[in-house]
Structures are given as structure tokens and as C-alpha cells.
Amino acid sequence: MSQPTLEEVLAGIDALSPQDRRQVRSALKEDSSKLATTAPVHRATQAVPVKDMIREAAWLEQHGEEYAGQWVALDGERLVASSTNAKDVFAAAKAAGVADALIVRVGSREALSFAGF
């Protein structure tokens, strides 16, 4: 015997008396509260530190124009990789073992000052 479809169940509920509908609602509420109390709770076991990007920002301010139009990977004040191809930069940072490198595409200062008006 096949299980009824959702549409069939809803049609059956619509055919019930108001008292029977209340019982269905109560049963569903009780069932959902059981699920809420037995469902696993996932909590972070450790706080993830937020990396300070001040040194990377200073590097970009000082050297950004030299790399305009390129992707760069930075680890603090150290340039890990640069290329016009983002995939190459991501791969180089990974190969260098720098999991939290700042990887950005460097724009020119002229492009930043244009507001489009």
C-alpha cells in the first residue's frame, strides 16, 4: 500500500470536523516540540579570531600602484604572489601555506576617484 500524498492528507484534514482539526493541530504541535527538543544543537566550540588587516592595508597604500590591475596575495606586509590571473594567486598562496592571506584585485587610484557623475 502506498503512502498518501500531501494533497490527500490536506484534503482529509479539510474534511474533518472542527474538533478533529483541533486535535490534529495539537498533535502536530506536540510532535514539532519533540523535534525541537531532540534535534542536535550545533555550537561553535572555539572562537575564530578575526585577522587584523592593518599591515595589508598599509602595504596596499604604499605599493598598490605598482600592482594596479593585478591580483595580489598578502600576508601582513609580505607579498606572497601577484598575477593578472586570480586562480594563480590563490594557488600560490595555498602552496606557500598562507591559509589566511588577503587576496584582492588592486585598482588604480584614478579608478577609485571616479564617481561616475
Side-chain angles (χ1 to χ4, degrees):
M1 183 172 160
S2 66
Q3 291 192 347
T5 66
L6 176 62
E7 290 80 19
E8 292 170 336
V9 171
L10 293 175
I13 291 172
D14 283 342
L16 294 174
S17 69
Q19 180 181 357
D20 288 342
R21 284 186 194 180
R22 281 191 293 275
Q23 286 179 334
V24 169
R25 189 178 313 117
S26 176
L28 289 173
K29 241 185 208 180
E30 184 179 314
D31 192 46
S32 68
S33 68
K34 285 180 189 175
L35 290 174
T37 59
T38 60
V41 176
H42 299 283
R43 293 188 177 109
T45 56
Q46 296 178 350
V48 178
V50 176
K51 184 176 179 182
D52 180 321
M53 299 286 179
I54 292 173
R55 294 182 309 161
E56 289 86 347
W59 187 95
L60 286 167
E61 182 68 31
Q62 188 174 12
H63 302 283
E65 281 297 312
E66 301 166 45
Y67 295 90
Q70 295 187 51
W71 288 88
V72 297
L74 302 172
D75 182 26
E77 297 166 347
R78 178 173 72 101
L79 175 65
V80 177
S82 68
S83 174
T84 56
N85 186 317
K87 284 185 178 182
D88 294 343
V89 173
F90 276 95
K94 183 177 180 179
V98 186
D100 62 348
L102 173 65
I103 300 176
V104 296
R105 185 174 186 282
V106 181
S108 67
R109 294 193 195 278
E110 292 81 33
L112 292 175
S113 62
F114 177 69
F117 293 39

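The structure presented is a predicted model; accordingly, all values stated were derived computationally and were not measured. One-based numbering along the sequence shown.
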Determine whether [X] and [Y] fall in the same hydrophobic cluster, where Ile, Leu, Val, Met, Phe, Trp and Tyr are linked whenever their side-chain heavy atoms lie under 4.5 Å apart.
{"X": "V106", "Y": "L102", "result": "yes"}
{"X": "L16", "Y": "L10", "result": "no"}
{"X": "I103", "Y": "V80", "result": "no"}

[atom1]/[X] to [atom2]/[Y] distance, rounded to the nearest 0.5 angstrom?
{"X": "M53", "Y": "L74", "atom1": "CE", "atom2": "CG", "value": "9.0 Å"}
{"X": "R25", "Y": "I13", "atom1": "CZ", "atom2": "CD1", "value": "10.0 Å"}
{"X": "R21", "Y": "S26", "atom1": "CZ", "atom2": "OG", "value": "15.5 Å"}
{"X": "S17", "Y": "Q23", "atom1": "OG", "atom2": "CD", "value": "7.5 Å"}
{"X": "R55", "Y": "D52", "atom1": "CZ", "atom2": "CG", "value": "8.0 Å"}

Whether Q70 side chain and Y67 backbone form a donor-acceptor pair below 3.5 Å: no
Does W59 offer a backbone N or O that forms a donor-acceptor pair with the side chain of E77 under 3.5 Å? no
[X] versus [Y]: any side-chain heavy-atom pair under 4.5 Å?
{"X": "R78", "Y": "V98", "value": "yes"}
{"X": "R22", "Y": "P18", "value": "yes"}
{"X": "L60", "Y": "V72", "value": "yes"}

On a heavy-atom basis, the closest approach of V89 and S83 is CG2-N, 3.5 Å
Around atom CD1 of I54, are there more than 12 heavy atoms from other residues, nucleotides or ligands closer than 6.0 Å? no
